[in-house]
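Predicted model, so just to flag it, every value in this text is computed and none were measured.
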Amino acid sequence: MRLSAELIGSCEQRTNPLGEREIVMRGLAIPAIEHLAVTRDAFDTMDFTDNRLSCLDNFPKLPRLTHLLVAQNFIESLDASNLAQNIPQLQYLELSHNQISSLLQIQYLGKACPKLEHLNLTGNPVTSKY
């Protein structure tokens with residue numbers, strides 16, 4: 001299912017137990033990140049768990065976003081410069097159970113996202129190689 005403005009508008013939006021604004025886009029078979037500018041940077045957390053994402057890129061400016069949950073997708077690569085430019089406050093990146101197979105895919109995250117405190121790669125092929 002394509003991530004459209006209408007779909008984003010129909011997704012669950014709530015205040016999570018940490019008091020943060022969260023939008024839940026779980027299990028919608030979303031193949032790519034697009035149209036997130038319609039959120040108008042209203043969320044601290046975005047949950048894309050259990051979709052069909054293959055690349056983590058194409059984020060608009062979201063300076064409020066601190067938590068990005070993208071577990072159980074098919075992510076093989078990510079664009080660290082896009083994350084750095086558009087999600088400067090990123091502290092928590094949940095990448096468990098994806099298809100990251102090389103440290104090259106994540107080597108720039110530390111420099112690109114200096115506020116990143118938590119990175120979960122559990123269940124990715126890279127964790128069995130090293």
> So do H35 and L7 actually touch side chain to side chain, heavy atoms under 4.5 Å?
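In short, these two side chains do not touch, never coming nearer than 4.5 Å.
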> Taking side chain to side chain contact (heavy atoms under 4.5 Å, CB included) as the definition, give me every residue that meets it alongside P31, ordered by chain and number, with sequence neighbours left out.
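With sequence neighbours excluded, P31 shows a side chain to side chain contact (heavy atoms under 4.5 Å, CB included) to no residue whatsoever.
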> Kindly work out whether a path of hydrophobic side-chain contacts (I/L/V/M/F/W/Y, heavy atoms less than 4.5 Å apart) joins I106 to Y108.
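No, no single cluster joins them.
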> Kindly indicate whether the side chain of L78, heavy atoms from C-beta on, has any atom under 4.5 Å from the side chain of L95.
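Answer yes - side chains close enough.
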> For a quick test of reading the model, state the closest non-hydrogen atom pair linking Q72 to T49 and the distance between them.
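Taking every non-hydrogen atom into account, OE1-CG2, 4.1 Å.
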> Quick check: do L3 and L36 have side-chain heavy atoms less than 4.5 Å from each other?
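Yes, at least one pair of side-chain atoms sits under 4.5 Å.
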> Between the side chain of N98 and the main-chain N/O of N73, is any donor-acceptor distance below 3.5 Å?
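Yes, because the side chain of N98 sits within donor-acceptor range (under 3.5 Å) of the backbone of N73.
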> Between atom CD of Q89 and atom CG of L65, what is the distance when rounded to the nearest 0.5 Å?
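It comes to 10.0 Å.
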> Taking salt bridge (charged side-chain N to carboxylate O under 4.0 Å, His left out) as the cut-off, I'd like each qualifying pair that reaches into residues 22-37, sequence neighbours left out, listed once.
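Matches after skipping sequence neighbours: R2-E34, R14-E22, R26-D47.
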> Whether the side chain of N86 engages the backbone of L62 through a donor-acceptor N/O pair (distance < 3.5 Å, no angle test) should be reported.
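No: the side chain of N86 does not pair with the backbone of L62.
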> Linking I/L/V/M/F/W/Y whenever any side-chain heavy atoms sit under 4.5 Å apart, do L116 and V126 land together?
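They do share one cluster, since a chain of ILVMFWY contacts under 4.5 Å joins L116 to V126.
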> Could I get the full list of ring-ring contact (aromatic ring centres under 6.0 Å, His included) partners for H97, not counting sequence neighbours?
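Expected list: none.
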> Sort and list the pairs that fulfil ring pair (Phe, Tyr, Trp, His ring centres under 6.0 Å) and have at least one residue in residues 71-90, not counting sequence neighbours.
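The answer is none; no pair qualifies.
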> Rounded to the nearest 0.5 Å, how far does CD of E76 lie from CG of L53?
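Result: 12.0 Å between the selected atoms.
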> Do L93 and L109 have side-chain heavy atoms sitting under 4.5 Å apart?
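A side-chain contact exists here, since the closest heavy-atom pair is under 4.5 Å.
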> Could you state the interatomic distance from OG (S102) to CG (N124), rounded to the nearest 0.5 Å?
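CG of N124 is found 11.5 Å from OG of S102.
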> Please enumerate all residues that pass salt bridge (charged side-chain N to carboxylate O under 4.0 Å, His left out) together with R21, with sequence neighbours excluded.
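If we apply the salt bridge (charged side-chain N to carboxylate O under 4.0 Å, His left out) test to R21, skipping adjacent residues, there are no hits.
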> Of all heavy-atom pairs between T66 and E20, which one has the smallest distance, and what is that distance?
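Smallest interatomic distance, heavy atoms only, reads OG1-OE2, 4.3 Å.
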> If a pair satisfies salt bridge (charged side-chain N to carboxylate O under 4.0 Å, His left out) and one of its residues is in residues 105-125, list it, with sequence neighbours excluded.
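Applying salt bridge (charged side-chain N to carboxylate O under 4.0 Å, His left out) to every pair that reaches into residues 105-125, excluding sequence neighbours, yields nothing.
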> According to ring-ring contact (aromatic ring centres under 6.0 Å, His included), who are the partners of F43, at least two apart in sequence or on a separate chain?
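ring-ring contact (aromatic ring centres under 6.0 Å, His included) check on F43 returns nothing, list empty.
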> What residues form a side chain to side chain contact (heavy atoms under 4.5 Å, CB included) with P63, not counting sequence neighbours?
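Listed in chain order: D41, K61, P88.
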> What I'd like to find out is whether the side chain of T39 reaches to under 4.5 Å of the side chain of M46, using heavy atoms alone.
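Touching, per the 4.5 Å side-chain cut-off.
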> Hydrophobic clusters here meaning ILVMFWY residues chained together by side-chain heavy-atom distances under 4.5 Å, can you tell me if L68 and I8 are in one?
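Result: yes, single cluster for both.
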> Nearest 0.5 Å, what's the SG-CD distance between C113 and Q85?
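If I round to the nearest 0.5 Å, the distance is 11.0 Å.
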> Apply side chain to side chain donor-acceptor pair (under 3.5 Å) to N120 and list each qualifying residue two or more places apart in sequence or on a separate chain.
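If we apply the side chain to side chain donor-acceptor pair (under 3.5 Å) test to N120, skipping adjacent residues, the hits are E94, T122.
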> What closest approach, in Å, do A37 and P60 show between heavy atoms, and which atom pair accounts for it?
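Between these two residues, the closest heavy atoms are N-CG, 3.5 Å.
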> Is there a continuous path of hydrophobic side-chain contacts, each under 4.5 Å between heavy atoms, that joins L56 to L119?
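Yes, L56 connects to L119 through the hydrophobic network.
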> Measure across A80 and A112 and return the closest heavy-atom pair with its distance rounded to 0.1 Å.
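Here A80 and A112 meet closest at O-CB, 3.5 Å.
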> My understanding is that only residues two or more places apart in sequence, or in another chain, count here; which of them pass salt bridge (charged side-chain N to carboxylate O under 4.0 Å, His left out) with D50?
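Once residues adjacent in sequence are excluded, D50 has no partner under the salt bridge (charged side-chain N to carboxylate O under 4.0 Å, His left out) criterion.
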> Quick check on the hydrophobic clustering: are I87 and V38 connected, directly or via other members, by side-chain heavy-atom contacts under 4.5 Å?
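Same cluster.
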> Just how far is it from atom CD of Q105 to atom CG of L121, taken to the nearest 0.5 Å?
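Here the interatomic distance stands at 11.0 Å.
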> According to side chain to side chain contact (heavy atoms under 4.5 Å, CB included), who are the partners of D79, at least two apart in sequence or on a separate chain?
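With sequence neighbours excluded, D79 shows a side chain to side chain contact (heavy atoms under 4.5 Å, CB included) to D57, S81, N82, given in chain and number order.
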> Which pair of non-hydrogen atoms, one from N51 and one from M25, has the smallest distance, and what is that distance?
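Heavy atoms of N51 and M25 come nearest at ND2-O, 2.8 Å.
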> Apply the hydrophobic cluster definition, ILVMFWY joined by side-chain contacts under 4.5 Å directly or through others, and give me every member besides Y92.
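Joined to Y92, directly or through intermediates: L69.
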